[in-house]
Each structure stands twice: as C-alpha cells, then as structure tokens.
Participant: 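Below is the structure I would like to discuss, written out as structure tokens.
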Amino acid sequence: MLPLTGRRIPVVADEYSDPAKGSGAVKITPAHDFNDFEVGKRHNLAMPSILNAEARVMLAEIELAEVPGISDLDFVRGLEGQDRFAARKAIVARLEEMELVEKIEPHTHQVPHGDRGGVPIEPRLTWQWYADAATLAKPAIEAVETGKTQFVPKQWENTFFAWMRDIQPWCISRQLWWGHQIPAWYAPNGEIFVARTEEEALAQARAKLGADVTLQRDPDVLDTWFSSALWPFSTLGWPDKTVEVAKYYPGDVLVTGFDIIFFWVARMMMMGCHFMGEVPFRTVYIHGLVRDEKGQKMSKSKGNVMDPLELIDAFGADALRFTIASLAGPGRDIKLGRKRVEDHRSFGTKLWNAARFCEMNGIAPRPGFDPASVTLPLSRWLLDAANKAIAEATAALEIYRFDDYAAACYRFTWGSFCDWFLEFAKPVFMGPDGAEKEEIRGVAQHVLGTILRLLHPVMPYVTEELWDRFGYGAECSLIGEAWPQPVAVPGAEAARAELDWVVAFITEVRSVRAELGVPVAAKPAVLGLPGGEPSLQALAAQWQVGHQDALLRYARLAEISAQQGEAPSGAEAAGLVAFSVGGVPFSMDLRGHIDLAAERTRLAKARGVAEAEVKKVHAKLGNPDFVARAKPEVVEENHERLANFEAEIARLNAALARIGG
RNA sequence: GGGCGCGUAGCUCAGCGGUAGAGCACCUCCCUGACACGGAGGGGGUCACAGGUUCAAUCCCUGUCGCGCCCA
C-alpha cells in the first residue's frame, strides 16, 4: 500500500534489487528510471508518470484511493504543479507528521546531471519515433565485411562492427526548434498518417476515415544525425535523379576521427545502403586526434586549446599543414604544439631560398625540355632521384601515409636537390656559358617544377606562389596541374653509381678532416693508390677527372692525382692518411696538419668497429644451421660483408703500420 | 569486468624476421656568393621485462609490468 495516494502496489521479485543493501526491498518507479523501467517491463507493471516536462508534479496518471491512516488525498492533490524539489520536501514532512517514516539513512547513489545546466536529470516516459536500426545496420555491416567499404587503419572496422552488431532501436525524434520536421500528421481521433507531404497525408486520412479532417503535424524534428546521415546524397539533389548524384555518389574517401564512426559514418552507411542501394564511400580514413603537446585532449575548460589561426599567423599555413602531415602516423594521435610547427617551418624557408638561388642563376621554365636528352651524370642522377621521390610520395599517399609522403618530399628536396645537386651546380653556374650550363639549367627547372607539384598538397601557398613567379603557369594554376610522373632517364644506374661515389668521396674526406682537426683553410693533396677492385679502380679514376671541380671544392683539396712510383715509407709516410671510398684506396697528405696520435686513434677505432662486425658475421657463417637453412641470398650477403670488413681491416692495419701504430 | 592500442636515441615518432632509422635537441667546427629557420662533422639505443617459436627475434606467440582510449 503506497502511503499518501493509497494505491495498492504489487511486490515483485527481481535480480535487480540487492538483498544486501538496506532492507533488501526497493520501491521502483518504472516511468522515471532506466533500471526501474526494465524491471517494470519484465513484470508487466503499470508505468504512471508523476512528473511533467518541467519536472513538476502531475497527477493525471496517478491512481488515488481513500485508505484511512495511510492516504491523504487532499495533500496529494495539493502537490499538483509543484516543483519536484519542493514536492519531495513536502512529502517527507507529511509522511513524518503521519508517523509513517521508520528511519531515514544516508544513501549514496548515482544521479545523472545535465552537462550544461548541472541539474539532476529526471527520466520520463514519452512517445517518440524510432528507426529500426538493426534492419538498417544489416546491409551496412555486410558492406564492410565484404570490403565494399574499407576502413583505414583496418582495426577500426572492429569498432564499427561492435556498435553495429549490438545496435538498439534509434530514437530519431527530437523536441527542438530547428531541424527536418517529422513527416507525420495526426487526425483528431489520434490516428497517425505518415506521408511525404501534407496533401498526401490528407488523402490518406480521407481514404481511411471517409471524410475530410483537420490534420496536425508532429511538432518534433529529426535527430541531427538522422539528417546528417543523408548528407552524401541529399546534398547532391536526391531524391531527384540529378547528374550530381550520378557523378558523385558513391564518394571515394571519407576522412574523419574515430569518435565520429558511430555518430556519422555508421549512419551514413545505413542510409546510403537503404536509400541508394550503394555504400556512400569506398574508404573511411580514420585519422588520429590532434592533442596538445603533452598528449592531453584539447578542451576549452582546460585552456589548452590551440587556435590554428594563431599558429598560421606565427608560422604560416603551409608550415602548419606540413607539420600535421609529418606527424600523422598511422593509428596514432598527434601531439601538436607551437614548437612542433616552428621546427617544420624551416622547410618552407629552405624551399623558398632554393628557388631564389635558382632564379638568380637564370633558371626558368622550358616547356620543350626533354629529360631523356640529358647527358651529364649529375643531370641523370637528379632526374633518377626525382623519379624515386615521385614513386615514394605517390605510394605513401595511396595508402594514406601522410607522414611518409611528407618525409619523402623533405628528403628529396633538402637532401638531394639542395644539399648535393645545387651545390654541384654552383661551379657550373659560375663557369662559362655553354651546353653544360644549359643542360643543368634545364634539369633544375624541370625538377623544381616536380618539387612544386609534389609539395603542393601540403604546402599550397608557397608552391603556388613560386609556380606563378617562375612562370610555370598562371596565378593559381598549380592546383590544376597534373601530378608529377616519372620520366625516362637513360643510364640512370651508371649515373647513380657515379654520383653516389662522388658523394661518398667528399663525405669521407670531410669526415677524416673533422676527426683529425685539419684546419678549414688547409687544402691538402690526395693520392689515388693502387689496389681495390680493378674495374672500380678504373671507374673511380674516370670519375675523379669528371668531377674534379666538385671534389676539390667540396672536399677542400688542392689536387687529386694518382701515385707515381713507390709509396713513401717510414718517417716519410707519417702524415699520409689512408682512407678508402667504395673499396678504392686513397691517401691524403696531411703532413704538418695533424697529430699522429689522433690519427692512430682514428684508425684503431675504425678497425675496432670492423673487427666487431667480422666477429659477428664470422660466427654466423660458422653456424652450419645458418648456412643450411637461411635463404641463399642472405648467406651470400654475409660472405660479401665478411670480405669487405676483412679488406677494410687489412687496409687499416697497413695504414697503422706506416705510421708506426 | 570486457575490448582495443601503445611502451624503439634526451624529446616526438617511423621501422618490423637476417647491417637499428628520421626530425628536433646535444657536442665540435664554419657567418664559404640561396638559406645561421643555414653548412660540415660527431656522440647517443641490452628496441619495457620474462619465457617460447626459429638457423636467426626490436619484429611472430604467451605472460608480466606501465600508459592511454572505448564499452559495461
């Protein structure tokens, strides 16, 4: 018997109540609590509502009965329209007056609070429109299972499936002022007519009721996500059969964050499959979330939100975009901070300066330039490296590896084009006019154009500006240009071997100089020594002549010549420092420039490294299981390594012996 | 409690059965005729830990610890 109202209520047994808590019995209110609602459904209980939409007491559905000593119907009637908090206080006070309260104990339980107003939320039973989500989900699930739509990275398909396979009926009506209105009309007798237009609804009503009636449209609107789910085709003019629908549906790739998979991606999939009979997109690329420098999610209340516009003001839109692309590894969130953007800014500056240097040296677009016609190894080497960069960048973009794409562009532009090509081109530009200079200019303009195209997606502003300034095309025309394609490069392999050797030579000399503390101003002579592999020896001799200028300039040497007659020995040899490039031995005359102890240390250190490697490889090759079971090419590779390191040790030993090490 | 992901150089992150990589930071030298937001050289890692599979494990499997996220 319920006090005050005098209503008889049933006692039901259910697992929901916890016997260990309090009396073990709990009074439930199916109309105003999610758990109680489930219990009520299980036991077929009545579900009267006691609160209206403003959370004030509402007695319309409450059954009242006069029960002496227990009910107080006048008091209950007086509660009508009272605020919930006031009503609760009044009820407790009245129960105490009537001596119906045995005791009051503090009890901790969870009451949900609204995240905007912070007030306790009171669930209520209302009539709403539902979509049969399980039925809608089926074809969407199938589409992902069969690969008609693919998630990148693939692991997110699990998230999609987890939600879709356990989907609940979808409440699609909302009591808001703004949105697509629910297409349902009510007749005075409560009959519901669902139709596309009011005319159709009226016609239905006439047919059903036999007379014209006044219809009232449902005041509710559709859930935002319901409307958004229609986006892939409603924006194209659907339900009309427009050319846009035919051309753009289904879309190619949807780019979004994982938190949107259920809200939007899943809903678009359901609606697309249902209304269009076809998935809305082939690929769903799920990127990481942009977080702050410490990996915290950005939030206004935490105050760690970065305004992209501020970063753009400080470093430029290209720098921000390039930074984000560089950091966009697969399946990982991006920790973004001012410092990160600053670090990447220099790349744009580098590109700008490189272009400026090109401009100063008369490099301008040449529409008729034929890459296949170049003859200089430097030209061929650069075009070949550009081909590689194009291939890498393209492959990375195709699998949504924006970090790899950015890195490939960076490596090629900075490492190959600026650090080596432009440096090697300097002596040519400063030299006499002629075929060589013309060819280098041609190659430079071609490859600069390639770089601008490659980088345009991540650095649209600088590239577009340079494209226009150089006269590759009209203002804002780069965006419409074709993606760069590899070109045929005659003799690419030979050019690669040649330039790689030249680069290695310069690097080796620089390294030796730095380690031995040779003054920058010193310009020692280098002697080519006999030994090494004969074919390489011959090629190296040829390359030394062909790249004489660059080698002397960048290794800071006085001359490179072949050794004549007997090698010096004993005291005479002290200060002749040995090194090798690709197995071809050389000696650098550093007499008077270095301290022999430093040189001994250098050689001994290099020998130590080589010896450690020999030991490892030797152990491997000495293992019969390895030789028998490993792939033949791996075994072969190790034989080569062993031979190389052993030769290296022999050279180092000889060098040490010469200086009395 | 269930599920997913992550622990690799000081930092941020790639790599993924057979030589451990990048950027930044750091150290040394250099304002050399595009660029000091630059150039050259260099140091730095028992790839979280413990087992297992394998001729071979940072990489595959199992477990432990630590961190993050999602669902309940």
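Side-chain atoms are counted along with the backbone in the values below, which use heavy atoms only and exclude waters and symmetry mates. By convention in this document, chain letters (A, B, ...) are assigned in the order of the sequence lines, proteins followed by strands, and residues within each chain are numbered from 1.
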Participant: Going by the angle between their ring planes, with limits at 30° and 60°, are His446(A) and Phe369(A) parallel, tilted or perpendicular?
Facilitator: tilted
Participant: When you compare the protein's N or O atoms with those of nucleotides 69-71 of chain B, which come within less than 3.5 Å of each other, and at what distance?
Facilitator:
none

Participant: Once hydrogens and angles are ignored, does a donor-acceptor distance under 3.5 Å link the base of A34(B) to the side chain of Glu423(A)?
Facilitator: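 Checked by distance alone, the answer is yes.
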Participant: Between side-chain atoms of residues 458-468 of chain A and protein atoms elsewhere (two or more places apart, or another chain), which donor-acceptor pairs fall under 3.5 Å?
Facilitator:
from: Thr463(A); atom 1: OG1; to: Met459(A); atom 2: O; distance (Å): 2.6
from: Thr463(A); atom 1: OG1; to: Pro460(A); atom 2: O; distance (Å): 3.2
from: Glu464(A); atom 1: OE1; to: His456(A); atom 2: NE2; distance (Å): 3.4
from: Glu464(A); atom 1: OE1; to: Ile479(A); atom 2: N; distance (Å): 3.3
from: Glu464(A); atom 1: OE2; to: Cys476(A); atom 2: N; distance (Å): 3.3
from: Glu464(A); atom 1: OE2; to: Ser477(A); atom 2: N; distance (Å): 3.0
from: Glu464(A); atom 1: OE2; to: Leu478(A); atom 2: N; distance (Å): 2.8
from: Glu465(A); atom 1: OE2; to: Arg469(A); atom 2: NE; distance (Å): 3.1
from: Trp467(A); atom 1: NE1; to: Ser477(A); atom 2: OG; distance (Å): 3.2

Participant: Nearest to the Ala630(A) side chain among G18(B), A14(B), G41(B), which nucleotide is it?
Facilitator: G18(B)
Participant: To check you understand the geometry: which heavy-atom pair defines the closest contact between Ile594(A) and Gly575(A), and what is its length?
Facilitator: CD1-CA, 4.4 Å
Participant: Which nucleotide sits closest to the side chain of Val520(A): G33(B), C29(B), G18(B)?
Facilitator: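 Taking heavy atoms from C-beta onward, the closest nucleotide is C29(B).
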Participant: Under 3.5 Å, is there any donor-acceptor pair linking the side chain of Lys350(A) to the base of C35(B)?
Facilitator: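 Side chain to base: pair present.
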Participant: Return the polar atom pairs (N/O with N/O) between nucleotides 7-12 of chain B and the protein under 3.5 Å, or none.
Facilitator:
from: G7(B); atom 1: OP1; to: Arg332(A); atom 2: NH2; distance (Å): 3.4
from: U12(B); atom 1: O4'; to: Arg340(A); atom 2: NH2; distance (Å): 3.4

Participant: Ala514(A) or Asn361(A): which one's nearest nucleotide on RNA chain B is closer to the 5' end?
Facilitator: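 First, find each residue's nearest nucleotide; the 5'-ward one identifies Asn361(A).
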Participant: Considering only side-chain heavy atoms of Asn353(A), which listed nucleotide, C24(B), C35(B), G18(B), is closest?
Facilitator: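 Out of C24(B), C35(B), G18(B), the nucleotide with an atom closest to Asn353(A)'s side chain is C35(B).
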Participant: What is the pairing partner of G63(B), taking Watson-Crick or G-U wobble pairs with both distances under 3.5 Å in any strand?
Facilitator: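 Pair assignment: G63(B) / C49(B).
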Participant: Is the phosphate of G3(B), meaning OP1 or OP2, less than 4.0 Å from a side-chain N or O of Trp156(A)?
Facilitator: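 Checking Trp156(A) against G3(B): no side-chain N or O falls below 4.0 Å of OP1 or OP2.
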Participant: Measure across Lys437(A) and Gly431(A) and return the closest heavy-atom pair with its distance rounded to 0.1 Å.
Facilitator: NZ-O, 3.1 Å
Participant: Could you check which of A14(B), C24(B), G18(B) has an atom nearest any side-chain atom of Lys339(A)?
Facilitator: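 It is C24(B).
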Participant: Please give the nucleotide sitting opposite C11(B) as a Watson-Crick or G-U wobble pair, both distances under 3.5 Å, or none.
Facilitator: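 Because both required distances fall under 3.5 Å, C11(B) counts as paired with G23(B).
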Participant: Please name the nucleotide paired to G38(B) by Watson-Crick or G-U wobble geometry with both distances under 3.5 Å, or report none.
Facilitator: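 Looking at the geometry, G38(B) pairs with C30(B).
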